[in-house]
Amino acid sequence: MTYPRKHLLAIEGLEPPHIADLLDLAESYALLNRSGKTQRDLLKGRTLINLFFEDSTRTRTSFELAGKRLGADVINMSVSTSSVNKGETLLDTASTLNAMHCDLLVVRHGQSGAPSLLSQKVDAAVINAGDGTHEHPTQALLDALTIRRHKGRLEGLIVAICGDIAHSRVARSNMHLLTTMGSRVRVVGPPTLIPAEAARLGVEVFHDMKAGLAGADVVMMLRLQRERMSGGMVPSAREFFRFYGLDAEKLAFAKPDSIVMHPGPMNRGVEIESAIADHPTRSVIGEQVEMGVACRMAVLDVLSRQLPRNR
Ligand code: ASP
């Protein structure tokens, strides 16, 4: 198993063997989870703190479950009731966490770079659970694992990432991971929602859904992140759906065996029609959640191997 770092702050910079090894380990955890077994001695005596400055359902719960399945003591720090709201700085929070001998720190923050800043100040191994519009590395890992399970590989696949690319840390982490692993990545959306850096990231840009989906193996829809938009970047939800919402008519342009993904939470009827989101064979959205637990177990496992035994 090769993993070169103390923290997992981003996918950018990881090399194919690091990603492939993490996915292989996650696959073994997926099988373990399905068998109903646990491995509670692995993180016994370790403390995992979930520090979420932004809302989350799937990510926080799955880190909690992943930590518990491996035997860690898991604490969810609720930021709305913590001293952060009383004006404590991120760095004071870091000293508090050090004093508590936290081993693994999972951080979600509205500012890009906040987990990286914390990682320089805490003794714990830090995992970025989503920072601003920057990255969400464990989401990209779980997406890749889900794709690999359905398609058997990542290399050579056409993956269309659609919708609000500009505000999406999920899109950014996926662009890094999938291009690193040899997929052909397309981003599809209105010009206002495509970031300028897309070309630098080695992806193809489309503004028309039907052209962007043509021949795709994987169709990944994203949530329209209105909370991160300043001003009117899209006309209205109805207009957006007409041009960029995934329905049967647009999906017909992708390969007949293509899979449909969404990181959640979904805006049904805005970026995806309910019938497609719940499609029994094409939608793998439920499996993405399942693979999220397995991938987070793999990440906790790998990072814990590099921690000092006794703090
Ligand atoms: N749950 C994902 C994230 O935290 C996607 C989203 O919020 O739309 O980035």
Side-chain angles (χ1 to χ4, degrees), residues 1-9 11 14 16-52 56-77 97 100-108 115 119 122-130 136-150 152 154 173 177 263-264 284-311:
M1 172 82 215
T2 54
Y3 184 78
R5 310 214 171 120
K6 179 179 174 193
H7 310 287
L8 177 62
L9 299 172
I11 295 292
L14 292 183
H18 309 145
I19 294 169
D21 281 358
L22 276 170
L23 294 179
D24 290 344
L25 184 62
E27 175 67 36
S28 69
Y29 278 120
L31 298 176
L32 185 83
N33 288 342
R34 283 198 178 175
S35 77
K37 295 195 190 105
T38 52
Q39 209 177 314
R40 294 200 198 274
D41 47 343
L42 200 91
L43 296 183
K44 196 159 176 257
R46 298 290 192 193
T47 302
L48 183 157
I49 297 186
N50 269 326
L51 181 64
F52 278 61
S56 166
T57 318
R58 276 157 293 272
T59 307
R60 195 191 52 70
T61 315
S62 69
F63 268 112
E64 183 174 353
L65 202 52
K68 286 184 172 161
R69 286 202 178 147
L70 296 177
D73 297 319
V74 183
I75 290 149
N76 294 314
M77 262 180 81
L97 295 168
M100 289 175 178
H101 301 296
C102 165
D103 296 293
L104 294 149
L105 178 65
V106 179
V107 187
R108 168 167 290 191
S119 75
V122 293
D123 300 327
V126 175
I127 300 155
N128 178 5
H136 190 352
T138 55
Q139 177 74 45
L141 288 169
L142 75 88
D143 289 339
L145 184 61
T146 308
I147 297 172
R148 218 178 65 164
R149 298 184 115 230
H150 283 266
L154 296 172
S173 286
L177 190 152
V284 297
I285 295 170
E287 190 175 336
Q288 286 175 270
V289 179
E290 181 188 355
M291 292 309 126
V293 179
C295 283
R296 286 158 184 143
M297 288 168 85
V299 169
L300 296 176
D301 176 348
V302 165
L303 296 185
S304 72
R305 295 179 198 183
Q306 306 182 35
L307 290 170
R309 202 43 245 175
N310 291 309
R311 283 174 181 279

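This chain uses plain numbering: 1 for the first residue, then up along the sequence.
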Inset, instruction - Would you name the heavy atoms of Y29 and A294 that are closest together and state the gap between them? - result: CB-O, 3.9 Å
Inset, instruction - Measure from the side-chain N and O atoms of D21 to the backbone N and O of T2, and report whether any donor-acceptor pair falls under 3.5 Å. - result: yes
Inset, instruction - Please name the residue in the list R296, R149, R34 that meets the salt bridge (Lys or Arg N to Asp or Glu O under 4.0 Å) test with E290. - result: R34
Inset, instruction - Please answer whether the main-chain N or O of T47 pairs with a side-chain N or O of D103 as donor and acceptor at a distance below 3.5 Å. - result: yes
Inset, instruction - Examine distances only and state if a side-chain atom of K6 and a backbone atom of D123 form a donor-acceptor pair shorter than 3.5 Å. - result: yes
Legend entry - pair V122-C102: side-chain heavy atoms closer than 4.5 Å: no
Legend entry - Minimum side-chain heavy-atom gap D301-Q39 below 4.5 Å: no
Legend entry - Which atom of P263 lies closest to which atom of R58, heavy atoms considered: O-NE, 3.5 Å
Inset, instruction - Keeping the roles fixed (side chain from Q288, backbone from L142), state whether a donor-acceptor pair exists under 3.5 Å. - result: no
Inset, instruction - Over all heavy atoms of both residues, which pair between I11 and A140 is shortest? Give the atoms and the distance, please. - result: CG1-CB, 4.1 Å
Legend entry - Stepwise side chain to side chain contact (heavy atoms under 4.5 Å, CB included) test for R69 and L42: CA-CA 9 Å; R69 286 202 178 147; L42 200 91; over 6 Å; no
Legend entry - Derivation of the side chain to side chain contact (heavy atoms under 4.5 Å, CB included) call for C295 and T138: CA-CA 7 Å; C295 283; T138 55; 5.5 Å; no
Inset, instruction - To the nearest 0.5 angstrom, please state how far the CE atom of M77 sits from the CG atom of L105. - result: 8.5 Å
Legend entry - Which atom of S173 lies closest to which atom of H136, heavy atoms considered: OG-N, 2.8 Å
Legend entry - Spacing of CE belonging to M297 relative to OG belonging to S28, to within rounding of 0.5 Å: 8.5 Å
Inset, instruction - Before giving the answer on side chain to side chain contact (heavy atoms under 4.5 Å, CB included), spell out for E27 and R148 the whole-Å C-alpha distance, their side-chain angles and the decisive distance to 0.1 Å. - result: CA-CA 10 Å; E27 175 67 36; R148 218 178 65 164; 4.2 Å; yes
Inset, instruction - Would you name the heavy atoms of N50 and R60 that are closest together and state the gap between them? - result: ND2-O, 3.6 Å
Inset, instruction - Can you measure from CE (M291) to CG (L23) and round to the nearest 0.5 angstrom? - result: 11.5 Å
Inset, instruction - Scan L104, N76, I127 and name whichever one has a side-chain contact (heavy atoms from CB on, under 4.5 Å) with L48. - result: L104
Inset, instruction - For residues H150 and E287, determine if any side-chain heavy atom of one lies less than 4.5 Å from a side-chain heavy atom of the other. - result: yes
Inset, instruction - For side chain to side chain contact (heavy atoms under 4.5 Å, CB included), just list the numbers for N128 and L8, CA-CA rounded to whole Å, side-chain angles, deciding distance to a tenth of an Å, and then say yes or no. - result: CA-CA 6 Å; N128 178 5; L8 177 62; over 6 Å; no
Inset, instruction - Taking all heavy atoms of K44 and all of R40, pick out the closest pair and write down the distance. - result: CB-O, 3.9 Å
Legend entry - CG on L177 to CG on L22, rounded to 0.5 Å: 9.5 Å
Inset, instruction - Please determine, by modelled atom types, if R46 and S304 share a side-chain donor-acceptor pair under 3.5 angstrom. - result: no
Inset, instruction - Flag the pair R305 / Y3 as yes when at least one side-chain heavy-atom distance between them is below 4.5 Å, and no otherwise. - result: no
Legend entry - Pairwise distance CG(L145) to CD1(I19) - rounded to 0.5 angstrom: 13.0 Å
